[in-house]
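Data block below; observations after.
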Amino acid sequence: MPARRDDPPLTLDTEESVVNSTRELTYATWRYQRNWKPLHVVDAEGCYFFDSAGKRYLDFSSQLMCSNLGHKNQAVIDALCRQARQLAYINPSFATDARAELSELLLGVLPQGLSKFFYSTSGTEANEAAIKIARLYTGRHKIISRYRSYHGSTGASIAATGDLRRLPIEPAGKVDGVVFAPDMDPYRSPFGVEIPDRAAASVAYTEYMIKNEGNVAAVLVEPVVGTNGVLVPPKEYMPMLSEMASRHGVLLIADEVMSGWGRTGEWFAVDHWKVKPDILTTAKGITSAYVPLGLTATTREIADHFEEHYFAHGHTYEAHPLALGTAVAAIKEYKRLDLINEARRKGEHLGKRLRELEGRHASVGDVRGLGLFWAVELVKNRVTKEPFYTAEDKLAGRPSLLDQVGSAMMRNGVFLNNWLTHFVVAPPLIVTEAQIDEGVAALDAALAIADEKTVQ
Ligand SMILES: Cc1ncc(COP(=O)(O)O)c(C=O)c1O
């Protein structure tokens, strides 16, 4: 079956890449597209994965921006097997060596002051816990989030999500009490003024909201917004926001589910600005996605409150030993391979190569990023910044031009995620410069599809 031009990027290239007898089962994913035919992946190693026809793909987005150590890391696999043999599961109210060892390691890598840990199984659960902790600790109810954000898919985290994924479940499928502050978007600012002023304006308006809303428990932000555009704020923004929130007794929750674990060239994105959040949530890279794990880290002061007050929260799989033992190995691998510094070094090369695309392609409106975390934003018109695809298009299930570009890259053996208007370029932190060049070359070639559709 020849691939159609409007195929989404994960679609099959060839009939042979599906094992026919398991066809129905391999197709059994939850997707909007009625005729969705996902690629059947059977193996992965390093920065590559392989389909059932033996075709190799460069993983230029670390799957869902989570396979930071790449695939088949031997130390992580060994730790996972060791933990499975020793103690695969135990009631979370017991103490375990894996928990002690991970907590000790976290104290050394998390922003200073975060010293009490709630372990769950995903980013959405990490944020659910953070929101509940903030409400119980402050005795206040409202959470301030931003429109250009994704915080997860369950009750509170989808309520705190600003992007279109919140819209289909409103109002019944989400908790109440979330209000949205101005975005810190350097490309499409809600204020349309120069960058230092935008940061100040954004923080000033958030302060205005705190004063006028009343009853605000916390401000929840992705320090570098991930899926919604790899939005790197100006350096003043996070310190100003943190200082302002603290002045009002409002907690700052940093959602580092995607931006943590070396992705931006620091352990956590807040480290770029020496900001110390009251609560930090993370998942994904904490185990490099080898097993599911979410983390909600709080200050001692917040934790102490729950020594005396009931924290009505928990999961059967809380502090799951398999996940904790694997995270220990993953963190040791980040250190052994010096991947935080590598992300900074390789990120310079990646940024330089991606910026070259701006000069060559009329469809590239913006290239931005930090470390090994970049967005390439496509526009129909560079002057008006008119996008090829909108939230309304996505909700209506219309085909996306970025999916077409992604499909062309898949045919060339490179996997790259996109969201509405941009690609999220986030290879595993072990990527080499040659692999970066391979990925950028595939994007360079595929962008001709978008260039043809520009209206300058
Ligand atoms: C910033 C951010 N927060 C939360 C989540 C939700 O994490 P999970 O998919 O593990 O529930 C994501 C997922 O992409 C994310 O990027």
Side-chain angles (χ1 to χ4, degrees), residues 29-30 61-68 118-134 143-166 169 173-175 178 180 183-185 218-233 238 252-264 267-270 277 279-297 315 317-318 320 323 326-327 330 369-375 394 416-420 422-426:
T29 55
W30 285 76
S61 290
S62 303
Q63 296 305 303
L64 283 172
M65 290 64 87
C66 56
S67 299
N68 292 9
F118 177 78
Y119 297 107
S120 55
T121 52
S122 62
T124 197
E125 284 179 6
N127 284 325
E128 292 290 328
I131 290 170
K132 196 183 270 188
I133 289 170
I143 304 294
I144 294 182
S145 181
R146 299 177 303 184
Y147 291 103
R148 301 290 298 272
S149 69
Y150 180 67
H151 295 294
S153 59
T154 52
S157 60
I158 195 66
T161 288
D163 80 25
L164 65 94
R165 283 168 278 192
R166 174 175 43 85
I169 54 90
K174 55 167 207 165
V175 305
V178 179
F180 293 94
D183 297 305
M184 196 54 259
D185 182 342
V219 177
L220 166 62
V221 294
E222 294 168 69
V224 170
V225 172
T227 318
N228 279 279
V230 192
L231 304 172
V232 182
M238 283 302 297
L252 177 66
I253 306 174
D255 177 344
E256 298 248 16
V257 170
M258 198 178 280
S259 57
W261 306 106
R263 179 52 59 203
T264 67
W267 280 101
F268 294 90
V270 286
I279 302 177
L280 182 145
T281 59
T282 190
K284 293 189 188 267
I286 187 170
T287 63
S288 186
Y290 279 74
V291 284
L293 177 62
L295 168 70
T296 308
H315 306 287
Y317 296 145
E318 180 185 332
H320 198 292
T326 306
L370 196 58
L372 283 170
F373 201 20
W374 287 80
K394 177 92 180 171
L416 182 61
N417 274 322
N418 73 72
W419 179 247
L420 299 184
H422 55 271
F423 291 96
V424 180
V425 185

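Whatever order the structure lists ligands and atoms in, that order sets their numbers, starting from 1.
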- [ ] Would you check if L64 and N417 make a side-chain contact, meaning some heavy-atom pair closer than 4.5 Å?
- [x]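 Yes, at least one pair of side-chain atoms sits under 4.5 Å.
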
Open item on the list: Quick one, L372 and R263 - any side-chain contact, counting heavy atoms below 4.5 Å?
Closed with: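 SC-SC contact between L372 and R263 confirmed.
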
Task: Neighbouring residues of ligand 1, heavy-atom cut-off under 4.0 Å - done: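 These residues qualify: S122, G123, T124, N127, Y150, H151, G152, E222, D255, V257, M258, K284.
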
Indicate whether any N or O donor in one side chain lies under 3.5 Å from an N or O acceptor in the other, for [X] and [Y].
X: T281; Y: T296; answer: no
X: T121; Y: E125; answer: yes
X: S259; Y: T264; answer: no

Task: Test side chain to side chain donor-acceptor pair (under 3.5 Å) applied to T282 - qualifying residues, sequence neighbours left out - done: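 Counting only residues at least two positions away or on another chain, T282 forms a side chain to side chain donor-acceptor pair (under 3.5 Å) with W261.
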
